[in-house]
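As structure tokens, the structure follows; a few thoughts come after it.
Labels below follow one simple rule: chain letters A, B, ... track the order of the sequence lines, proteins then strands, and each chain is numbered from 1. Every value quoted in this text rests on a predicted model; they were computed, and no experiment measured them. Computed over heavy atoms, backbone and side chain alike; hydrogens, waters and symmetry mates excluded.
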There are 2 protein chains.
Amino acid sequence: MTERLDRRKKYTRMVLKDSLMELLNEKSINSVTVKEICELADVNRSTFYTHYTDQYHLLEQIESELIQDMERYLNSFNFEVEEETMEMTEKLLEYLASKSEECKTLLNEHTDSTFQHKVTAVAHRFIMHEGLAARKIDPKVSEYIGSFIVNGSINMMKLWLYRGMDRSPKEMSGMIHTFINKGLEGLS
Amino acid sequence: MTERLDRRKKYTRMVLKDSLMELLNEKSINSVTVKEICELADVNRSTFYTHYTDQYHLLEQIESELIQDMERYLNSFNFEVEEETMEMTEKLLEYLASKSEECKTLLNEHTDSTFQHKVTAVAHRFIMHEGLAARKIDPKVSEYIGSFIVNGSINMMKLWLYRGMDRSPKEMSGMIHTFINKGLEGLS
DNA sequence: GACACCGTGTTGGATTTACAACAAACAGTT
DNA sequence: AACTGTTTGTTGTAAATCCAACACGGTGTC
């Protein structure tokens with residue numbers, strides 16, 4: 001078990017993160033200043049520099065922690081191979097739903113695409129676990145199809161978040177899974 | 001202008017106060033421990049003792065600050081003599097409404113009556129400013145009537161708070177004022 | 001009465017943060 | 001180019017808080 005963090009550090013980091021997230025709902029990281037973050041967080045500027053080198057570092061930390069948390073969540077499940085892709089897709093959707101505010105902030109057009117890249121990498125690792133290899137498809141082709149599937153899925157999930165999650169994670173993963181297996185034919 | 005308080009002190013006191021108020025919504029001050037307050041506030045126990053001697057002291061500070069704030073609010077108004085009682089009653093009701101959560105907590109049966117005594121003293125000072133003296137009533141009698149009016153008013157206001165403030169402060173002060181001047185006759 | 005558990009009040013040393021200030025860089029204006 | 005205002009990154013010192021520990025008292029159980 002990791003050593004417990006000093007509560008002052010815990011608090012300071014929490015309010016700095018919350019403040020940056022709030023500011024990113026309004027503008028891009030490039031126009032957010034350290035001074036603004038500190039004013040919103042009510043934390044001294046020199047204290048900021050004992051924790052982070054700049055606002056980009058803080059953002060990177062936020063993204064990394066969310067990705068780690070996402071991986072931890074997805075790692076806690078275990079499914080059979082074929083069923084796994086759909087279940088994992090559903091679990092990823094559930095996770096995104098549970099952190100929908102943070103995810104929307106980090107996926108919006110104000111931020112660069114680093115978070116989306118990270119989520120895509122996670123999706124690739126968890127959803128494309130063994131799925132295509134089991135289908136005996138040419139590895140070169142498999143790679144293209146996998147890229148199509150993962151990026152398509154992520155952007156669908158993104159749209160789902162911004163639409164206020166109007167369908168359940170189960171419905172969404174069913175839709176994705178059906179399209180993956182049967183293309184448009186499966187949706188008529 | 002007073003010297004600005006160190007933001008750490010400000011924060012520590014705020015969360016300790018908020019935590020005690022939350023606990024007082026569930027039980028009386030006698031069964032609230034310093035340990036519980038600190039756990040809820042996520043503040044070290046030894047830090048508590050650098051600010052307050054015990055939970056009773058903290059409660060006293062909360063009450064005193066609210067009373068001071070109330071006085072400051074009421075002092076910012078100026079009315080003519082006769083009209084003043086009704087206007088001040090309305091202002092007091094407005095203040096109680098604006099701090100309804102805190103007031104309900106401090107006036108509930110879990111706490112002793114110190115806060116109610118303090119509010120009653122304020123009401124006596126502001127609402128009974130010159131009202132009865134101007135009516136040329138026997139001072140001894142005036143004192144009894146004043147006590148009746150102030151305590152009756154306070155308990156009415158208390159009930160109003162717990163009923164969710166179902167009438168406007170203006171309506172309430174009108175009702176109180178009419179009763180004071182004409183008794184039940186004025187309400188038929 | 002002994003025991004276990006919990007909370008209190010206190011202490012010393014370590015850690016974290018605040019504060020004020022400074023020099024430098026940047027951006028916008030004239 | 002000079003000027004102004006803002007932000008940055010850093011520094012030294014002080015203040016506040018954290019942490020772990022201790023002795024003590026109160027409460028409940030056996």
Side-chain angles (χ1 to χ4, degrees), chain A residues 1-65 105 110-112 114, chain B residues 1-65 105 110-112 114:
Chain A
M1 174 180 288
T2 59
E3 199 171 303
R4 193 180 56 180
L5 194 67
D6 187 285
R7 67 206 332 153
R8 293 171 291 189
K9 270 175 133 177
K10 199 176 100 184
Y11 172 80
T12 300
R13 290 176 178 180
M14 178 189 74
V15 293
L16 287 174
K17 281 165 184 163
D18 287 350
S19 298
L20 176 55
M21 295 297 272
E22 192 172 323
L23 289 166
L24 286 176
N25 280 327
E26 296 162 22
K27 52 184 169 178
S28 78
I29 187 68
N30 295 321
S31 48
V32 170
T33 66
V34 170
K35 184 175 189 284
E36 271 181 296
I37 297 170
C38 293
E39 277 172 353
L40 197 55
D42 196 24
V43 161
N44 198 261
R45 245 185 355 97
S46 60
T47 303
F48 180 97
Y49 291 106
T50 68
H51 291 266
Y52 308 102
T53 46
D54 56 20
Q55 60 271 55
Y56 304 102
H57 184 208
L58 170 54
L59 176 56
E60 192 205 334
Q61 292 295 99
I62 291 170
E63 292 180 354
S64 293
E65 275 168 32
T105 302
H110 285 147
T111 58
D112 59 18
T114 55
Chain B
M1 175 179 290
T2 62
E3 198 169 303
R4 192 179 57 180
L5 193 65
D6 187 285
R7 64 198 346 148
R8 292 172 292 187
K9 270 176 133 174
K10 199 176 98 183
Y11 172 80
T12 299
R13 289 177 178 177
M14 178 190 72
V15 292
L16 287 175
K17 279 164 184 164
D18 288 351
S19 298
L20 177 54
M21 295 299 271
E22 193 174 320
L23 290 165
L24 286 176
N25 279 327
E26 297 161 20
K27 53 184 168 177
S28 75
I29 187 71
N30 295 321
S31 46
V32 171
T33 66
V34 168
K35 183 174 189 286
E36 272 181 296
I37 298 170
C38 293
E39 277 172 355
L40 197 56
D42 198 22
V43 160
N44 199 260
R45 239 176 14 91
S46 59
T47 303
F48 179 97
Y49 290 106
T50 66
H51 291 267
Y52 308 102
T53 46
D54 55 21
Q55 62 270 52
Y56 303 101
H57 184 207
L58 171 55
L59 176 56
E60 194 205 333
Q61 292 296 99
I62 292 171
E63 292 181 353
S64 293
E65 275 170 30
T105 303
H110 285 147
T111 57
D112 58 20
T114 53

Nearest whole angstrom, please: distance from the [atom2] of [N] to the [atom1] of [X].
| X | N | atom1 | atom2 | value |
| --- | --- | --- | --- | --- |
| A:Tyr52 | C:dT16 | OH | P | 13 Å |
| A:Phe48 | C:dT16 | CZ | C1' | 16 Å |
| A:Leu16 | C:dT16 | CG | C1' | 13 Å |
| A:His57 | D:dT8 | NE2 | P | 16 Å |
| A:Leu40 | D:dT7 | CG | P | 14 Å |
| B:Lys9 | D:dA15 | NZ | P | 10 Å |
| B:Lys10 | D:dT17 | NZ | C1' | 17 Å |
| A:Glu36 | D:dG5 | CD | P | 20 Å |

Open item on the list: Over all strands shown, is A:Arg7 touching base, sugar-phosphate only, or nothing at heavy-atom distances under 4.0 angstrom?
Closed with: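 Sugar-phosphate only.
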- [ ] Check the side chains of A:Thr33 and A:Gln55 for a donor-acceptor pair under 3.5 angstrom, ignoring hydrogens and angles.
- [x]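 There is no such pair (donor and acceptor under 3.5 Å, judged by atom type) between the side chains of A:Gln55 and A:Thr33.
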Quick one: does any side-chain atom of [X] pair with a main-chain N or O of [Y] as donor and acceptor, under 3.5 Å?
| X | Y | answer |
| --- | --- | --- |
| A:Arg7 | B:Asp42 | yes |
| A:Ser31 | A:Lys27 | no |
| A:Thr47 | A:Val43 | no |

Filtered N/O pairs between nucleotides 9-11 of chain C and protein, under 3.5 Å:
residue : atom : partner : partner atom : Å
C:dG9   : OP2  : B:Tyr49 : OH           : 2.9
C:dG9   : N7   : B:Arg45 : NH1          : 2.9
C:dG9   : N7   : B:Arg45 : NH2          : 3.4
C:dG9   : O6   : B:Arg45 : NH2          : 2.9

TODO: Using the six-membered ring wherever Trp is involved, compare the ring planes of B:Tyr52 and B:His57 and label them parallel, tilted or perpendicular (cut-offs 30° and 60°).
DONE: perpendicular
- [ ] State whether the distance check finds a donor on one side and an acceptor on the other, under 3.5 Å, for side chain B:Arg8 versus base D:dT17.
- [x] no
Task: Lys/Arg N to Asp/Glu carboxylate O, B:Glu36 vs B:Arg45, below 4.0 Å - done: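 Judged by the 4.0 Å cut-off on N to carboxylate O distance, B:Glu36 and B:Arg45 do not form a salt bridge.
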- [ ] Considering just the side-chain nitrogens and oxygens of A:His51, establish if one lies under 4.0 Å of OP1 or OP2 belonging to C:dT17.
- [x] yes
- [ ] Taking only the side-chain heavy atoms of A:Asp6 (C-beta and beyond), determine which of C:dA18, C:dT16, C:dG7 contains the nearest atom.
- [x] C:dT16
TODO: Check each of A:Gln61, A:Glu22, A:Glu65 against A:Lys17 using the side chain to side chain donor-acceptor pair (under 3.5 Å) test, and report the only one that passes.
DONE: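 Filter result, single survivor: A:Glu65.
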